[in-house]
Visitor: 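Take a look at the following structure, please.
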Amino acid sequence: MNKRKIDNELLIKISKYVKENYIDETQICCNMAMMCDEPERRGAKFRPAMMSAGLYGASAEARSLKERLEQVDESFTEMLLRKIDEKKMTDAQCYKKARVDRKLFSKIRSDRLYRPRKSTVLSFAVALELTIEETKEMLTKAGYAFSHSSKFDIIVEYFIINGIYDMFVINEALEHFDQPLLGA
């Protein structure tokens, strides 16, 4: 890895961002217990199924499986290839900047429904210099989301929000916080 010394001021900003946004398992358990212990205030017992049903509403429930399958959205692969074209990059420029192996990129390119690892999606988001909204969309298309119970996610999110797309700097920060690296 090309060694650069990460700026202490940047590490302080990242540490503050992680501290403000990180949700550990005990906080999640406390929040879930609180929701379960207060059914009379909420009008019903807490059930995860109720939460997911509320996201889609009754009209979506009435639609048939066939109708839903006919309206499948753009896949991760399709979005990745579209973004490469929009950024006027070649495939090789993109996968090299993302530090993704040519064979893996070829596999992604040839399979419209390929599901990469989350770190691979984020490597491409950084390489393509996507906004936070575009990154969230790409993660969703691959079946993922940013999680504030993951320091890795919070750190990568910090860099994207602040428009810092230098893979070496991001990896140095990830390494400093004992997190896995992008494109590794």
Side-chain angles (χ1 to χ4, degrees), residues 1-2 14 17 21-23 48-49 51-175 179-184:
M1 185 163 105
N2 184 3
I14 296 166
Y17 188 80
N21 291 282
Y22 182 63
I23 301 172
M51 287 175 50
S52 62
L55 293 176
Y56 301 105
S59 62
E61 292 172 7
R63 292 178 22 210
S64 73
L65 178 58
K66 183 179 178 185
E67 288 173 324
R68 289 178 189 221
L69 290 174
E70 287 173 355
Q71 295 181 355
V72 173
D73 198 11
E74 174 185 55
S75 71
F76 163 77
T77 298
E78 291 166 337
M79 181 180 182
L80 173 63
L81 297 175
R82 177 174 57 81
K83 288 293 182 185
I84 291 170
D85 290 343
E86 286 175 7
K87 300 288 181 170
K88 298 187 182 343
M89 295 175 82
T90 65
D91 291 352
Q93 287 171 321
C94 183
Y95 70 72
K96 285 178 182 176
K97 189 173 179 186
R99 300 180 64 202
V100 171
D101 181 72
R102 181 182 57 81
K103 289 180 185 177
L104 175 57
F105 184 82
S106 179
K107 189 183 285 189
I108 293 169
R109 191 178 213 338
S110 64
D111 182 355
R112 182 181 100 60
L113 300 177
Y114 185 81
R115 186 165 185 241
R117 292 180 303 144
K118 186 176 190 177
S119 61
T120 303
V121 177
L122 292 172
S123 293
F124 281 120
V126 169
L128 291 163
E129 299 183 7
L130 299 182
T131 64
I132 193 67
E133 292 80 16
E134 292 169 319
T135 302
K136 288 177 180 179
E137 181 183 2
M138 184 175 270
L139 281 167
T140 300
K141 290 182 184 300
Y144 302 107
F146 276 121
S147 170
H148 280 203
S149 62
S150 165
K151 288 182 181 179
F152 172 84
D153 286 8
I154 293 169
I155 293 166
V156 175
E157 179 184 62
Y158 172 86
F159 281 99
I160 292 171
I161 286 171
N162 288 285
I164 303 168
Y165 298 101
D166 185 324
M167 188 75 75
F168 296 109
V169 173
I170 296 170
N171 278 338
E172 196 170 329
L174 288 167
E175 185 174 52
Q179 298 300 306
L181 306 181
L182 288 177

Visitor: Apply side chain to side chain donor-acceptor pair (under 3.5 Å) to residues Ser75 and Thr77 and explain how you reach the verdict.
Guide: CA-CA 5 Å; Ser75 71; Thr77 298; 4.6 Å; no
Visitor: Between the side chains of Glu137 and Thr140, does any donor sit under 3.5 Å from an acceptor?
Guide: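 No donor-acceptor contact under 3.5 Å links the two side chains.
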Visitor: Can you give me the closest heavy-atom contact between Phe124 and Ala98, atom names plus distance?
Guide: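 That would be CD2-CB, 3.8 Å.
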Visitor: Output the distance between atom CZ (Phe152) and atom OG (Ser147), rounded to the nearest 0.5 Å.
Guide: 12.0 Å
Visitor: Are Tyr17 and Phe159 close enough, and set up right, to give a side chain to side chain contact (heavy atoms under 4.5 Å, CB included), and what steps lead you there?
Guide: CA-CA 10 Å; Tyr17 188 80; Phe159 281 99; over 6 Å; no
Visitor: How about Ile108 and Leu80: do any of their side-chain heavy atoms sit closer than 4.5 Å?
Guide: yes
Visitor: For Ile23, does its backbone N or O pair with a side-chain atom of His148 as donor and acceptor, under 3.5 Å?
Guide: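 It does not hold such a pair.
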Visitor: Quick test of your reading: applying side chain to side chain donor-acceptor pair (under 3.5 Å), list the pairs with at least one residue in residues 100-109, sequence neighbours left out, ordered by first then second residue.
Guide: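 Every pair satisfying side chain to side chain donor-acceptor pair (under 3.5 Å) with a residue in residues 100-109: Asp91-Arg109.
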Visitor: Evaluate the side chain to side chain contact (heavy atoms under 4.5 Å, CB included) criterion for residues Lys83 and Glu86: first the C-alpha distance (whole Å), next the side-chain angles of each, then the deciding distance (0.1 Å), finally the verdict.
Guide: CA-CA 5 Å; Lys83 288 293 182 185; Glu86 286 175 7; 3.3 Å; yes
Visitor: Given side chains that start at C-beta, do those of Leu122 and Phe146 come closer than 4.5 Å, heavy atoms only?
Guide: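 Heavy-atom side-chain distance check passes, below 4.5 Å.
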Visitor: Salt bridge between Arg112 and Glu78, side-chain N to carboxylate O under 4.0 Å?
Guide: yes
Visitor: Which is it for Leu128 and Ile84 under the side chain to side chain contact (heavy atoms under 4.5 Å, CB included) test, yes or no, and what are the steps along the way?
Guide: CA-CA 7 Å; Leu128 291 163; Ile84 291 170; 4.0 Å; yes
Visitor: Any non-hydrogen side-chain atom of Tyr114 less than 4.5 Å from a side-chain atom of Leu104?
Guide: yes
Visitor: Apply side chain to side chain contact (heavy atoms under 4.5 Å, CB included) to Thr135 and Leu139, showing your working.
Guide: CA-CA 6 Å; Thr135 302; Leu139 281 167; 4.3 Å; yes
Visitor: Any side-chain heavy-atom pair from Tyr144 and Arg115 closer than 4.5 angstrom?
Guide: yes
Visitor: Output the distance between atom CG (Leu174) and atom CD1 (Ile155), rounded to the nearest 0.5 Å.
Guide: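 Here the rounded value is 5.0 Å.
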Visitor: Please list all pairs passing the salt bridge (charged side-chain N to carboxylate O under 4.0 Å, His left out) test where one or both residues lie in residues 151-161, with sequence neighbours left out.
Guide: Lys118-Asp153
Visitor: When rounded to the nearest 0.5 angstrom, what distance separates CD in Glu129 from CD1 in Ile160?
Guide: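 Answer rounded to 0.5 Å: 10.5 Å.
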Visitor: Nearest 0.5 Å please: distance from the CG atom of Asn171 over to the CG atom of Asp166.
Guide: 9.5 Å
Visitor: Measure the shortest side-chain to side-chain distance between Lys87 and Leu130 over non-hydrogen atoms and say whether it is less than 4.5 angstrom.
Guide: yes
Visitor: Rounded to the nearest 0.5 Å, how far does CE of Met79 lie from CD of Glu74?
Guide: 6.5 Å
Visitor: Near Lys97 NZ, under 6.0 Å, is it more than 12 heavy atoms from other residues, nucleotides or ligands?
Guide: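 Yes, NZ of Lys97 has more than 12 neighbouring heavy atoms, counting only those of other groups under 6.0 Å.
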Visitor: Under a 4.5 Å cut-off applied to non-hydrogen side-chain atoms, are Val156 and Gln179 in contact?
Guide: no
Visitor: Got a second to check how far Leu182's CG is from Ser123's OG, nearest 0.5 Å?
Guide: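 So the gap between those two atoms works out to 4.0 Å.
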